[in-house]
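Remarks on the structure that follows.
In what follows, chains carry the letters A, B, and so on, assigned in the order in which the sequence lines appear, proteins first and then strands, with residues in each chain numbered from 1.
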Amino acid sequence: MENREIEAILNEIAELLELKGTNAFKVRAYQNAARAIGNLQEEVSLLIEEKRLGKVRGVGKSIQSKLEELVETGELTYLDELRDGIPEGLFDIMSVPGMGPKKTKVLWEKLGVDTLEQLEEACKNDEVASLKGFGKKSQDKILDGIANLALTRGRRLRSQVVHHAERLKAAIAALDGVERVEVAGSLRRGRETVKDVDLLVASEDAAPIMELVREDEEVDSIIGSGETKTSVRLKDGLQVDVRVVAPRSFACALAYFTGSKEFNVALRGLALDLGFSLNEYDLRPLDGSPPPEVADEPALHRMLGLDYVPPELRENTGEIDAAKEGKLPRLVEAEDLTGVLHVHTNWSDGTASVEETVRAAAELGYSFVGISDHSQAATYANGLDFERLKRQREEVEAARAAFPQLRIFHGCEVDILSDGRLDLEDECLEWLDFVIASVHSDLTMERSKMTKRLETALQHPRVKVWGHPSGRKLLKREGSQFDWEPLLDVCADRGVAVEVNGHPMRLDADWVHVRRIRSRGIKLCVNPDAHSPGAMNHAARYGIVEARRGWASKDDVINTLPLEAFERDFLGLAATS
DNA sequence: GCCGTTTTCGGCCCGACTGTTTTCAGTCG
Ligand SMILES: Nc1nc2c(ncn2[C@H]2C[C@H](O)[C@@H](COP(=O)(O)OP(=O)(O)OP(=O)(O)O)O2)c(=O)[nH]1
Ligand SMILES: [Mg+2]
Ligand SMILES: [Mg+2]
Ligand SMILES: [Zn+2]
């Protein structure tokens with residue numbers, strides 16, 4: 001049983017308990033446990049074997065024994081009992097905006113409504129409006145919510161919402177009286193996917209901002225709009241939340257609106273322990289004395305006895321304890337990158353020539369770039385065999401002449417075949433400057449076979465980088481299943497770096513595993529996986545953020561080394577000049 | 001249901017907005 005599945009089951013239990021009207025703290029305990037499992041760097045089955053599951057924060061005696069049953073038998077009596085008597089359709093109903101467990105339960109008990117279709121029917125028949133606690137407006141809102149469900153549900157790639165955020169930010173910033181506008185929420189924390197855009201505004205007068213947002217030309221409908229907060233749905237279904245506070249509250253408000261929710265709860269709990277109440281306005285002493293000025297987020301964290309916690313780390317997965325003890329790493333930055341590998345050209349499935357491609361790297365100020373098109377097995381991508389690689393080398397040489405200040409490595413993203421062999425002959429692998437080994441086929445292979453396959457590939461002496469290890473495509477498919485630990489053993493032994501693929505749809509290795517990889521002292525290689533010159537900056541723009549979320553420092557990232565060291569110590573190439 | 005270490009019981013973050021309410025519950029951030 002995969003951690004993902006266990007996480008989903010714990011979340012389902014939480015929802016079922018909510019519907020039953022169980023104590024909210026018990027519900028939260030299951031939600032917390034689910035999140036803890038989801039952010040685990042190791043397999044639950046391994047933790048059970050080694051009797052370490054109880055050590056996970058949020059997993060106590062009760063949940064531990066349930067997980068043991070689940071992993072051992074594949075079933076969970078407690079879950080089956082809960083499911084019994086609660087129709088599945090209630091989950092769909094709860095996914096309608098504004099419909100929580102309480103209202104869902106009322107409609108189910110009073111009207112027997114337990115599917116979306118029945119709910120829609122009941123609204124159209126005017127049965128809902130007459131119910132106690134409901135009215136005409138709630139009924140219409142439910143109908144609207146059902147009609148737009150397809151558009152509003154689900155998450156989006158961060159790369160796909162940034163333009164909305166920037167456009168609105170600029171529009172708001174242009175208003176009189178606006179002192180600051182910042183993107184907050186999951187977008188600021190750099191999550192791979194986001195549910196909505198959260199914007200925080202500093203101004204003494206909120207009304208004009210609320211009005212501007214409501215009247216924006218991209219707005220389809222207004223979800224809610226009060227004195228200081230407006231939520232709208234854009235024409236493409238994306239939700240935008242705008243919150244306004246007075247400038248003096250900006251630091252506390254930014255901390256609040258950046259989240260995560262779980263980080264906020266933990267930080268506010270810490271504040272209470274220290275004799276304060278923390279909200280989005282101030283840090284108020286419980287003894288009634290006036291709240292101190294909070295200049296910025298670092299000052300707030302300092303007042304709570306913490307080193308500054310960067311937004312990317314605010315997930316309540318140990319960063320607060322680390323910040324207390326001064327043990328947070330100094331995170332890698334985009335400017336630390338000295339160059340990138342994993343770049344495609346029109347020799348395989350990229351759009352540009354070698355020269356156009358490396359120009360983009362030169363323009364970013366890199367001192368090296370590695371060309372790595374696909375290998376022959378990737379026929380769908382026009383992958384290269386040794387012969388074509390030799391011809392490509394001529395174009396690489398020409399580019400070297402054209403860009404003498406840029407070191408251009410000629411490598412290949414070589415397919416890992418189903419049996420773990422690499423897709424090019426050893427002579428060719430020897431001849432290349434570097435080899436990235438990646439899986440592009442047979443991704444759903446059985447777990448132990450996949451582990452063996454990867455192990456064989458990573459053992460090959462010419463492999464320098466393990467490309468997009470999981471093979472996931474965000475919002476499209478889960479990654480492959482395999483055991484990380486034995487593979488990380490190989491990487492550690494052989495000095496293979498694990499890629500942090502910066503393609504906005506991959507971001508692979510993901511931040512959870514980045515943390516594991518770096519904690520084992522294995523190097524990361526942050527790459528763009530660019531298929532066009534414009535995507536060359538995806539290492540800096542997306543890959544680095546994922547690495548930061550995984551607590552990576554400059555030292556953890558191999559392509560922050562100066563050219564000479566990178567070339568000699570990592571790639572093992574003789575110095576050229 | 002989880003957690004702590006001066007507590008194994010008694011806390012568990014705090015506030016905005018809406019709708020239906022006559023004083024607040026529910027949902028969401
Ligand atoms: N204190 C506190 N803050 C919250 C709570 N829920 C949300 N927030 C804060 C932290 C969140 O990052 C911020 C924005 O809320 P969102 O629902 O948009 O979540 P977030 O952006 O983190 O993730 P998402 O939108 O799902 O991608 O509001 C809560 O229950 N308590
Ligand atoms: Mg958000
Ligand atoms: Mg939001
Ligand atoms: Zn690839």
Side-chain angles (χ1 to χ4, degrees), chain A residues 10 13-14 17-19 21-36 53-67 78 93-107 128-142 145 152 184-187 194-200 206 210 214 222-232 239-245 249 252-274 276-284 286 304 316 320-321:
Chain A
L10 289 169
I13 292 174
L17 290 174
E18 269 191 308
L19 280 167
T22 313
N23 176 295
F25 294 113
K26 182 165 166 177
V27 171
R28 210 166 80 187
Y30 277 95
Q31 290 169 339
N32 287 341
R35 200 161 186 276
L53 183 58
K55 290 207 174 67
V56 175
R57 281 239 258 178
V59 178
K61 285 246 159 32
S62 171
I63 293 181
Q64 180 182 353
S65 72
K66 290 186 175 69
L67 295 193
Y78 181 64
I93 293 177
M94 277 212 288
S95 72
V96 176
M99 289 295 297
K102 298 276 177 7
K103 289 185 169 184
T104 301
K105 194 162 177 240
V106 168
L107 292 182
V128 172
S130 52
L131 246 44
K132 192 171 152 69
F134 292 81
K136 185 86 178 80
K137 285 190 175 174
S138 8
Q139 183 171 276
D140 291 345
K141 194 180 165 201
I142 291 171
T152 53
S186 52
L187 211 48
V194 300
K195 177 198 66 188
D196 61 7
V197 168
D198 302 292
L199 291 172
L200 179 68
M210 302 290 91
R214 287 193 303 265
I222 296 160
I223 297 165
S225 184
E227 308 252 299
T228 68
K229 195 176 98 179
T230 290
S231 291
V232 293
Q239 180 173 331
V240 179
D241 296 335
V242 179
R243 179 73 194 267
V244 182
V245 296
S249 289
C252 287
L254 186 59
Y256 150 70
F257 216 29
T258 297
S260 64
K261 174 189 172 195
E262 290 78 6
F263 179 84
N264 287 354
V265 169
L267 205 68
R268 289 171 181 206
L270 175 62
L272 283 174
D273 291 344
L274 298 174
F276 298 94
S277 173
L278 174 64
N279 58 24
E280 63 266 51
Y281 301 109
D282 48 33
L283 181 67
R284 192 169 290 271
L286 294 171
L304 295 171
N316 194 30
I320 292 179
D321 285 342

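Among the heavy atoms of the strands lying under 4.0 Å from A:Y256 is at least one base atom, whether or not backbone atoms are also near. The residue A:K105 sits apart from the nucleic acid: no heavy atom pair falls under 4.0 Å.
Of the candidate nucleotides B:dC12, B:dG29, B:dG4, B:dG4 has the atom lying nearest to any side-chain atom of A:R57. When the nucleotides B:dA16, B:dT27, B:dC13 are ranked by their closest atom to the side chain of A:E280, B:dA16 comes out on top. For A:Y281, counting side-chain heavy atoms from C-beta on, the closest listed nucleotide (B:dT20, B:dC13, B:dG15) is B:dG15. If you check B:dG1, B:dC12, B:dG29 against the side chain of A:Q239, the one that comes closest is B:dG29. The nucleotide whose nearest atom lies closest to any side-chain atom of A:R28 is, among B:dC2, B:dC13, B:dG19, B:dC13. When each of B:dT27, B:dG29, B:dG1 is scored by its nearest atom to the side-chain atoms of A:N23, the top-ranked nucleotide is B:dG1.
Of all nucleotides present, only B:dG29 satisfies the Watson-Crick or G-U wobble test against B:dC14, with each distance under 3.5 Å.
For the P atom pair drawn from B:dT20 and B:dC13, the interatomic distance equals 30 Å after rounding to whole Å.
For A:R214, the CZ atom sits in a packed shell: over 12 heavy atoms of surrounding residues, nucleotides or ligands are nearer than 6.0 Å.
Remark on DNA chain B: of its neighbouring residues A:K103 and A:S138, the 5'-side contact belongs to A:S138, judged by nearest-heavy-atom nucleotide.
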